[in-house]
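Take a look at the structure set out below.
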Amino acid sequence: MKFGVITEHQPSEARVALSPASAEQLQKLGHECVIQSGAGAKADFADEVYRDAGVEVLDSAKAVFDAADVVAKVRPPSEEEVEMLREGQTLISFFYPAENEELMKKAAAKGATLIAMDMVPRISRAQKMDALSSMANIAGYRAVIEAANNFGRFLTGQVTAAGKVPPAKILVVGAGVAGLAALGTATSLGAIVRAFDVRPETAEQIESMGAEFLFLDFEDTEGVGEGGYAAPSSPEFREKQLALFREQAPEIDIVITTALIPNREAPELWTEDMVKAMKPGSVIVDLAAEKGGNCKMTVKDEKIVTDNGVTIIGYTDFPSRMAKQSSTLYATNVRHMMADLTPEKDGQIVHDMDDQVIRDSTITHKGEVTWPPPKRENPSPAKPKQEKKKEPTKEEKAAAETAAFRKQTQQQVGLLAVGTVLVLLLGTIAPASFMQHFIVFALSCFVGFQVIWGVAHSLHTPLMAVTNAISSIIILGALAQIGSSSILVTILAALAVFMAGINIFGGFLVTRRMLAMFQKS
Amino acid sequence: MEYGFTTAAYVVAAVLFILSLGGLKDQESAKRAIWYGVIGMAIAVLATFFGPGSGLWLLSLILIAGGAAIGMVLAKRVQMTQMPELVAAMHSLVGLAAVFVGLNAHIEIGRVAAAFAEAGVAFPQPTYGPLGDAAQAVADGFRGFAEIVAKKTAVEVNILRVELALGIWIGAVTFTGSVIAYGKLAGRVNTAATKLPGGHMLNAGAAALSLLCLFWYLGGGGFFPLLILTVAALFIGYHLIMGIGGADMPVVVSMLNSYSGWAAAAIGFSLGNDLLIVVGALVGSSGAILSYIMCKAMNRNFVSVILGGFGGAGGPQQEVEGEMVAIQADGVADALKEADSVIIVPGYGMAVAQAQQAVSELTTKLRDQGKNVRFAIHPVAGRLPGHMNVLLAEAKVPYDIVLEMDEINEDFKDTDVVIVIGSNDIVNPAANDDPNSPIAGMPVLHVWEANQVFVSKRGSGTGYSGIENPLFFKENTRMFYGDAKESVNSLLQKL
């Protein structure tokens, strides 16, 4: 099949849905690749680079649509692009079906299949094609860089000859993919980072990134909604949350808000009075600007400075601002989607509507709208709350130890007593000559136990081989009998000597061979 | 004077043997300690030549030389993957030798008794102490072991009979048991656990029969009860080991090792030879400890292993959620390129596929790239205690990066990539999580705590034990299907 990629129609969009690396992987799946000339230019992928990767470069979007069976792009298609679709053709892109229903119906009427990268379900198997996450990751990173760019100080604290510089304090609201990426970036730049999320189980992830989790003491914090996203919270909870932020506002230098709830306007978390309370020169990056912003003063796609000197950044195109990186990741996501669509790796697309990932991300198929996907059991990765085990107190520990010690003593004394009685009993009936040997035997067992416990586990095989060799000491018995005047005894003894001989030499030699192999690095 | 010299030589030999076992505490001292064992054996054998009862020096030397030739060839030719077979085969020889020596002791008693009867002198001796003149005259006709027998009192002779019967019995069990173990390990006998109809009742019956025969024998039954006892013991050895499956082999082999020691000790008692007793006790306790360690590593009772089969599960096993995700060599290679720390967990599958050389090359390659590569060895990995260590040593993997379970289990959570090659139960998280699992409570390697786990495995089946392994379904696990050797070789090309 032919896989084609076209140039994005919005002039501000710099991303492209194919990278030279993903093109090579797609060819391994048995697909031929075509691309519209100049599609990768803004992402630093020249036509030449694509040609080197075995991609055919075509002149226009129309040519790509005509040639390819599967067309991929980044942003939702325009009217004209949908016009160009033909029956049986597949288009892969972000689509946001809830906002673009008309366009979706139109594509369905044309008999085309639409795969929306934003509808990929959030299950572990589909992580490799979760383009929303890869874009959110970039947005989180870029948000910190953008903030640092507009912030007049170092992020990291320094002590220089010219004086001490305090580290910047950064607050990240919402610890989703973007939030965590922001956390990681900010901590590695040396800032003091705090983070908040309504889902208490994110605390562990936040702390693992080296940031501080702002803890909100509130009963019933059921913050997790469908698909692992945050759910809207109750008014009481919201009040408490805002109070926490209000407390933080005066000392925070940079705020990065990432709180989004699916299919809703972004919740207001950073109110006007908090902005007023911030120091001049502080920066707010509102990653929710697309959906109205977590701060209502945010202006979408713009950078503004408030009266008290706080910069508010409302850009919505962070991934596009890092076009090469985001194109590489997006192209890989698309490539994984293609891999799932090509199970036999033979270049034949099999659109398996029983596969959950493919089913959920397909929004039109065979002339019908297949959106929204059927509801499934909540695949949220939220873990059940684990009850903390009670640590035993010192006294309890001591008591347990004493009890264990006592039990051990009792056991040992019991065993010794039984053993002693048995030996004494044996002594009353057995003759002295036997008991002399018995002493030797008992002591040898003890020596054996002591010695063998010290043997390294890694040398257990040589141990077995060497014990094998020395247990052939039975040859002594045979040698003492071989001189007997009875022929039968001599024959049996001779056989025993022979077998023991094999064992002695075989055992020692193989042990030596093994031990010689053990070499230190 | 001669006898004093022999005993003194035995003391020296015993000390040398203890040192040679004690030297196995680490790899370097072991290389020296092995020579102590060799010298001890040489001293013991030489001293016996000068000791009482020996004769036919030339024949003895020829026989030893013949055995030596075979032993040397065996030791040179054996593959390290075949070590379990070799060890089992050697156990069987010790067992059979014990049976022969025991039978000889019986024959000698008979001959002595006959000679005394002919001379009209009472046997066994009525009192302990110097013999009367008439008895002394008869006893002088014997040499070595028979001479000792001639001086024994009735109680002593009875004890002697118990000892030799015990020696024969243990020796016979060891012999057939080891032969079957050898057959199973070498793949010549079906490795699955099979029992004759009647199961353990047959074993119990044979054991009871042996005990009866022992009393009969003591009561003057002559050779016939001893023969039945031997046959019963041979049967027990055969049937017991037939009923034990492949993965329990480490326990079986160490148990047989222990038995071969006890057989030597029992023979030592009957011959009145202290060195035999000392060595038998050393070997016997060594095998016993190994069996104990193996059982502990499987969290199973020794008896339940020997009687075969897993302990009853307490209820249905937990359902395994998720799916197995396969991966190709490219993916594994990419992950390895990124990784800083790698732990490899080898199992019997690596030995079967003869993949240790390839694994060693992989290790060298990764280490050359500055990565921290280590091996984690579970005590029951393989078919012999310490089997994996020897295989890796043969493939020239340095022993200081090969770690035991207890040493490395804490480190999995800080590890980037874990590669599991041909092991299954020893990395099964169900042992920790699922109280109903047949292996619940068994200490396992916590591989799933690592960032990524790759499992090299032939197919998606459950393997020998038939226990579902939730590790394969974990989110951070990828299944790398295929023959272990080919898989690792394909990895090598990509790195």
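First the proteins, then the strands, lettered A, B, ... as listed; each starts at 1.
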Mind checking the CD1-CE spacing from B/I34 to A/M514? Nearest 0.5 Å is all I need. 8.5 Å
When the 4.5 angstrom heavy-atom criterion is applied to B/V101 and chain A, the contacting part is both
Heavy-atom pairs under 4.5 Å with chain B - which of A/T490, A/V497, A/L443 has more of them than the others? A/V497
Side chain, backbone, both or neither: which part of B/A44 has a non-hydrogen atom closer than 4.5 Å to chain A? both
Taking all heavy atoms of B/G386 and all of A/H460, pick out the closest pair and write down the distance. N-CB, 3.9 Å
Taking side chain as everything from C-beta outward and backbone as N, CA, C, O, which of these in A/I504 sits under 4.5 Å from a heavy atom of chain B? Side chain, backbone, both or neither. side chain
Among B/L59, B/V325, B/V78, which residue forms the greatest number of heavy-atom pairs with chain A at distances under 4.5 Å? B/V78
Would you compute the distance between atom NE2 of A/H457 and atom CG of B/L290 and round it to the nearest 0.5 angstrom? 9.0 Å
Could you tell me the separation between the CD1 atom of B/I64 and the CG atom of A/L479, rounded to the nearest 0.5 Å? 5.5 Å
In terms of heavy-atom pairs under 4.5 Å, which option from B/V99, B/I377, B/L103, B/I70 contacts chain A the most? B/I70
Note: vs chain B, highest number of non-hydrogen pairs under 4.5 angstrom among A/A442, A/A465, A/G448, A/A478 is A/G448
Who among B/E475, B/K25, B/R111, B/E163 has the most heavy-atom pairs with chain A under 4.5 Å? B/R111
Got B/V397 and A/Q519 here, is their nearest side-chain heavy-atom distance under 4.5 Å? no
What part of B/M72 is in contact with chain A, defined as an atom under 4.5 angstrom from a non-hydrogen atom: side chain, backbone, both or neither? both
With the side chain counted from C-beta on, respond yes when A/Q436 and B/D274 share a heavy-atom pair under 4.5 Å apart, and no when they do not. no
Contacting moiety of A/I491, where chain B heavy atoms sit under 4.5 Å: neither
Shortest non-hydrogen contact from A/S444 toward B/L282: O-CD2, 4.0 Å
For A/T461 and B/H387, indicate whether the former's side chain and the latter's backbone hold a donor-acceptor pair under 3.5 Å. yes
Examine whether an atom of B/M90 lies under 4.5 Å from a heavy atom of chain A, and if so say whether it belongs to the side chain, the backbone or both; otherwise answer neither. both
Please flag which part of B/V253 lies under 4.5 Å from any non-hydrogen atom of chain A: side chain, backbone, both or neither. both
Hey, can you tell me if B/Y292 and A/W453 have their rings parallel, tilted or perpendicular (30° and 60° cut-offs)? perpendicular
Looking at every non-hydrogen atom in both residues, tell me the closest pair between B/L276 and A/G477 and how far apart they are. CD1-N, 4.4 Å
Please classify the contact of A/A469 with chain B as side chain, backbone, both or neither, using a heavy-atom distance under 4.5 Å. backbone
Measuring heavy-atom distances to chain B, does A/A500 have an atom under 4.5 Å in its side chain, in its backbone, in both, or in neither? neither
Of the backbone (N, CA, C, O) and the side chain (C-beta and beyond), which part of B/I293 lies under 4.5 Å from a heavy atom of chain A, both, or neither? side chain
Honestly, the part of B/A105 sitting under 4.5 Å from a heavy atom of chain A is both
Which pair of heavy atoms, one from B/N104 and one from A/A493, lies closest together, and at what distance? ND2-N, 3.3 Å
Determine whether a donor-acceptor pair (N or O, by modelled atom type, separation under 3.5 Å) exists between the side chain of A/R512 and the backbone of B/K31. no
Note, B/V45 side chain near A/I475 side chain (heavy atom, < 4.5 Å): yes
Student check: side-chain heavy atoms of B/M80 and A/R513 closer than 4.5 Å: yes
Pair B/L74, A/V510 - check side-chain contact (heavy atoms from CB on, under 4.5 Å), show working. CA-CA 8 Å; B/L74 274 182; A/V510 87; over 6 Å; no
B/L96 versus chain A, heavy atoms under 4.5 Å apart: side chain, backbone, both or neither? both
Looking only at A/N503, A/V455, A/V451, A/L509, most heavy-atom pairs under 4.5 Å shared with chain B are made by A/N503
At their closest point, which heavy atom of B/S260 faces which heavy atom of A/S471, and how far apart are they? OG-OG, 4.0 Å
Which bit of B/L21 is near chain A, if near means a heavy-atom gap under 4.5 Å: side chain, backbone, both or neither? both
Which region of B/S254, side chain (C-beta onward) or backbone (N, CA, C, O), has a non-hydrogen atom less than 4.5 Å from a non-hydrogen atom of chain A, or is it both or neither? both
Atom CG in B/L63, atom CZ in A/F498: separation rounded to 0.5 Å? 7.5 Å
Go through the atoms of A/I474 and report whether side chain, backbone, both or neither lie under 4.5 Å from a heavy atom of chain B. both
Which of A/V440, A/V447, A/V466, A/N468 touches chain B most, by non-hydrogen pairs under 4.5 Å: A/N468
Do other residues, nucleotides or ligands put more than 12 heavy atoms under 6.0 Å from A/L425 CG? yes
CD1 on B/I18 to CD1 on A/I470, rounded to 0.5 Å: 9.0 Å
B/K76 versus chain A, heavy atoms under 4.5 Å apart: side chain, backbone, both or neither? backbone
Heavy-atom proximity to chain A below 4.5 Å, by part of B/Y10: side chain
Less than 4.5 Å to any heavy atom of chain A: does that hold for the side chain of B/V38, its backbone, both, or neither? both
Which one of B/A68, B/A264, B/G22 has the most heavy-atom pairs closer than 4.5 Å to chain A? B/A68
Once you round to the nearest 0.5 Å, how far does CZ of A/F518 lie from CG of B/D400? 11.5 Å
Option in B/A281, B/A288, B/G284 with maximal non-hydrogen atom pairs under 4.5 Å from chain A: B/A281
Under 4.5 Å from any heavy atom of chain B, what part of A/V489 do you find: side chain, backbone, both or neither? both
Proximal component of B/R77, with respect to chain A [non-hydrogen, under 4.5 Å]: backbone
B/Q328 atom CD: more than 12 heavy-atom contacts under 6.0 Å: no
Validation row: B/F100, A/Q481 side chains within 4.5 angstrom (heavy atoms): no
Over all atoms of both residues, closest heavy-atom pair of A/L463 and B/S286: CD2-OG, 3.7 Å
Is the shortest heavy-atom distance from the side chain of A/F434 to the side chain of B/L160 under 4.5 Å? no
So do the side chains of A/L492 and B/I107 get within less than 4.5 Å of each other, counting heavy atoms only? yes
Checking side-chain polar atoms at under 3.5 Å, does B/N257 have a donor or acceptor matched by the opposite partner on A/T467? yes
Check each atom of A/F446 against the heavy atoms of chain B and say whether the ones under 4.5 Å are side chain, backbone, both or neither. neither
Greatest number of heavy atom pairs closer than 4.5 Å to chain A - which of B/S20, B/G272, B/G261: B/G272
Pair A/S458, B/Q27: side-chain N/O donor-acceptor within cut-off below 3.5 Å: yes
